[in-house]
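Reading through the structure tokens given below for one structure.
Read the numbers this way: they start at 1 and go in the same order the structure lists the ligands and their atoms.
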Amino acid sequence: MKEALIIVLAYLLGSIPTSVWVSRYFFDIDIREYGSGNAGATNTFRVLGSKWGTFVMIVDMLKGLLAVKLVYLLPYIIENDFARTNLQIGLGLAAVLGHIFPIWADFRGGKGVATLFGLVLGVSPWSSLCCVGVFLLVLYLTRFVSLSSILASIAFPIFILVIFNVDNHAYRIFAVAVALMVILTHQKNISRILKGSESKVPILKYRDR
Ligand code: G3P
């Protein structure tokens with residue numbers, strides 16, 4: 001019962017629509033009507049500039065990180081490694097679902113990447129750092145944030161299953177699910193990349209409004 005309650009709490013935390021609220025309260029616009037139409041950090045960079053993009057990225061990431069830390073509200077679970085990790089996955093996924101389908105913003109949220117990163121950072125920091133490495137490398141080579149997110153998420157189960165050889169079955173399934181989830185949320189980006197119309201990120205040329 002307590003587990004279910006903190007999972008709901010994690011969903012509500014993930015539902016905080018950072019980019020939507022920033023755009024609404026500071027710029028009097030809805031970020032979902034501009035740029036790619038996505039309620040996420042990348043589109044905030046694109047539409048509102050690097051300062052707000054960074055802010056949204058950090059808050060969205062913290063939602064995933066804090067969600068997995070909610071496990072510490074249940075001290076009887078913490079000592080059991082498997083039970084703790086499994087509940088942390090549940091909490092993190094609830095936050096990611098909240099980010100994608102936020103109750104506070106008509107269930108139209110972002111693609112979940114920053115919140116997923118916070119989740120993975122909280123559960124297995126080393127693999128999250130490896131994924132950041134893949135993300136930055138692809139970003140450097142292609143300037144597509146979306147492709148970088150997709151390839152970093154595909155690299156994640158490879159790190160978990162092959163390199164770190166994690167033996168928690170639930171975590172292995174979760175790692176594969178992350179890759180599938182990111183591919184699913186990036187379908188429009190994939191079709192734009194294939195058509196050659198996906199916007200590239202001139203990272204050093206962002207203008208702050
Ligand atoms: O995490 C979202 C990013 O990968 C793509 O965002 O705005 O280019 O669709 P966007």
Side-chain angles (χ1 to χ4, degrees), residues 14-24 27 29-65 67 92-93 95-102 105-121 128 130-157 175 177-209:
S15 275
I16 294 170
T18 324
S19 60
V20 174
W21 284 354
V22 161
S23 64
R24 184 180 300 160
F27 295 87
I29 62 168
D30 185 333
I31 190 86
R32 294 168 297 185
E33 288 164 13
Y34 294 83
S36 68
N38 186 48
T42 307
N43 204 31
T44 308
F45 266 100
R46 192 180 284 126
V47 177
L48 303 178
S50 56
K51 188 177 71 183
W52 288 107
T54 306
F55 175 78
V56 169
M57 183 178 68
I58 291 171
V59 175
D60 284 353
M61 195 197 79
L62 283 176
K63 293 191 303 187
L65 185 60
L93 282 178
V96 172
L97 274 182
H99 179 79
I100 299 172
F101 304 106
D106 318 313
F107 300 97
R108 290 190 298 126
K111 294 174 182 172
V113 175
T115 308
L116 267 173
F117 173 71
L119 187 181
V120 176
L121 181 66
S128 74
C130 294
C131 292
V132 169
V134 173
F135 179 93
L136 292 175
L137 179 67
V138 180
L139 188 64
Y140 175 75
L141 294 174
T142 68
R143 297 292 188 212
F144 291 131
V145 176
S146 53
L147 187 62
S148 311
S149 305
I150 293 166
L151 293 183
S153 71
I154 290 174
F156 177 53
V178 164
L180 295 175
M181 193 189 310
V182 171
I183 291 170
L184 266 180
T185 59
H186 283 75
Q187 284 181 80
K188 286 184 186 162
N189 302 83
I190 293 169
S191 93
R192 284 198 296 264
I193 290 168
L194 294 176
K195 283 189 214 144
S197 57
E198 178 73 329
S199 61
K200 293 197 174 192
V201 181
I203 294 172
L204 299 174
K205 293 181 188 164
Y206 273 127
R207 282 177 293 123
D208 281 319
R209 283 193 174 182

Next item on the list: For residues R192 and S146, determine if any side-chain heavy atom of one lies less than 4.5 Å from a side-chain heavy atom of the other.
Entry: no
Check: When you measure from atom 6 (O) of ligand 1 to every protein heavy atom, which one gives the shortest distance, and what is it?
Finding: T42 CB, 3.6 Å
Notebook entry, point to check: Considering only heavy atoms from C-beta outward, does the side chain of I100 approach that of T115 to under 4.5 Å?
Noted result: no
Next item on the list: For F117 and L65, run side chain to side chain contact (heavy atoms under 4.5 Å, CB included): C-alpha distance rounded to whole Å, both residues' side-chain angles, the deciding distance at 0.1 Å, then the answer.
Entry: CA-CA 8 Å; F117 173 71; L65 185 60; over 6 Å; no
Note to self: Using side-chain heavy atoms (C-beta onward) and a distance below 4.5 Å, is S153 in contact with V113?
What the structure shows: no
Check: Does at least one non-hydrogen atom of G40 fall below 4.0 angstrom from an atom of ligand 1?
Finding: no
Check: Numbering the atoms of ligand 1 from 1, which are under 4.0 Å from a heavy atom of S36?
Finding: 7 (O), 9 (O), 10 (P)
Next item on the list: Give the numbers and elements of all ligand 1 atoms closer than 4.0 Å to a heavy atom of R46.
Entry: 7 (O), 8 (O), 10 (P)
Item checked: Validation row: T18, F55 side chains within 4.5 angstrom (heavy atoms) -> yes
Next item on the list: Go through ligand 1 atom by atom and flag the ones less than 4.0 Å from a non-hydrogen atom of N43.
Entry: 7 (O)
Check: What are the atoms of ligand 1, with element, lying closer than 4.0 Å to any heavy atom of V113?
Finding: 1 (O)
Next item on the list: Out of V201, N189, D60, I150, indicate the one that has the non-hydrogen atom closest to atom 5 (C) of ligand 1.
Entry: N189
Item checked: Per-atom contacts of ligand 1 with S146, taking only distances under 4.0 Å to non-hydrogen atoms -> 4 (O)
Checklist line | Identity and distance of the protein heavy atom lying nearest atom 2 (C) of ligand 1 | finding: H186 NE2, 3.6 Å
Notebook entry, point to check: Is the shortest heavy-atom distance from the side chain of I29 to the side chain of V47 under 4.5 Å?
Noted result: yes
Margin query: Starting from atom 9 (O) of ligand 1, what is the nearest protein heavy atom, named by residue and atom, and what distance separates them?
Written below: K111 NZ, 2.6 Å
Notebook entry, point to check: Do N189 and K111 have side-chain atoms, one donor and one acceptor, less than 3.5 Å apart?
Noted result: yes
Notebook entry, point to check: So, does K188 sit close enough to ligand 1 that a heavy atom of it is under 4.0 Å from the ligand?
Noted result: no
Item checked: Sidechain-backbone polar pair: K63 side chain, H99 backbone, donor-acceptor under 3.5 Å -> no
